Amino acid sequence: MTTQHILRICRAEWCLAKGSDSLIEHVEKRLGLKLGHPTEDGMFALDSVYCVGNCSNSPNMLLDGKPCGRMTAELADFIIDELQKRS
């Protein structure tokens with residue numbers, strides 16, 4: 001099974017200071033998965049990355065390789081909702 005969408009949340013120092021670990025926990029709960037593993041339906045996978053070079057917009061996430069800065073739990077939920085609507 002291939003994963004449709006890969007969310008990679010930055011865990012470099014500045015993103016950690018801005019709350020990336022709590023963002024990871026939120027996404028894990030929201031999608032019912034653990035870091036490094038896909039959802040049962042294969043729609044999402046969650047992984048970490050160390051520095052995407054966008055520190056001024058921390059915390060950062062890569063969505064299918066595209067940077068998303070200033071991530072919040074609410075913004076992550078919005079992105080997940082929109083991707084689920086499209087499938």
Side-chain angles (χ1 to χ4, degrees):
M1 170 176 24
T2 60
T3 303
Q4 292 181 22
H5 301 289
I6 301 173
L7 309 173
R8 289 188 171 98
I9 298 175
C10 183
R11 296 184 84 194
E13 290 83 6
W14 194 245
C15 284
L16 283 173
K18 293 291 189 167
S20 64
D21 274 351
S22 62
L23 182 60
I24 289 170
E25 290 175 21
H26 174 81
V27 173
E28 284 177 327
K29 288 178 187 172
R30 167 68 197 271
L31 294 176
L33 53 69
K34 288 290 180 189
L35 191 67
H37 299 282
T39 54
E40 287 186 23
D41 63 4
M43 185 167 186
F44 295 98
L46 178 63
D47 208 347
S48 61
V49 66
Y50 292 89
C51 198
V52 299
N54 193 27
C55 299
S56 63
N57 291 312
S58 293
N60 288 284
M61 179 178 79
L62 296 176
L63 169 61
D64 299 330
K66 297 177 183 168
C68 303
R70 296 190 176 117
M71 289 301 299
T72 62
E74 295 80 15
L75 183 53
D77 284 343
F78 176 80
I79 289 169
I80 291 166
D81 288 342
E82 289 301 308
L83 292 171
Q84 287 175 328
K85 285 179 191 175
R86 296 179 192 172
S87 67

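One-based numbering along the sequence shown. These figures come from a predicted structure and were not determined experimentally.
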Measuring from [X]:[atom1] to [Y]:[atom2], what's the distance to the nearest 0.5 Å?
X: Ser20; Y: Glu13; atom1: OG; atom2: CD; answer: 10.0 Å
X: Glu28; Y: Leu23; atom1: CD; atom2: CG; answer: 10.0 Å
X: Leu31; Y: Ile80; atom1: CG; atom2: CD1; answer: 4.0 Å
X: Lys18; Y: Met71; atom1: NZ; atom2: CE; answer: 15.0 Å

For residues 48-56, tabulate all N or O donor-acceptor pairs below 3.5 Å that involve a side-chain atom, not counting sequence neighbours.
from: Asn54; atom 1: OD1; to: Asn57; atom 2: ND2; distance (Å): 3.0
from: Asn54; atom 1: ND2; to: Asn60; atom 2: OD1; distance (Å): 2.8

Contacts of type salt bridge (charged side-chain N to carboxylate O under 4.0 Å, His left out), residue Asp77, not counting sequence neighbours =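 With neighbours one apart ignored, the set is Arg30.
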
Using the rule that two of Ile, Leu, Val, Met, Phe, Trp, Tyr join whenever any of their side-chain heavy atoms come within less than 4.5 Å, decide whether Leu46 and Met43 are in one cluster.
->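 The answer is yes; both residues are in one hydrophobic cluster.
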
Non-hydrogen side-chain atoms of [X] and [Y] separated by less than 4.5 Å:
X: Leu35; Y: Arg11; result: yes
X: Leu75; Y: Met61; result: no
X: Leu7; Y: Leu63; result: yes
X: Leu83; Y: Gln4; result: no
X: Val27; Y: Phe44; result: no

Any sub-3.5 Å donor-acceptor pair from Asp64's side-chain atoms to Ile6's backbone N or O?
->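 Present.
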
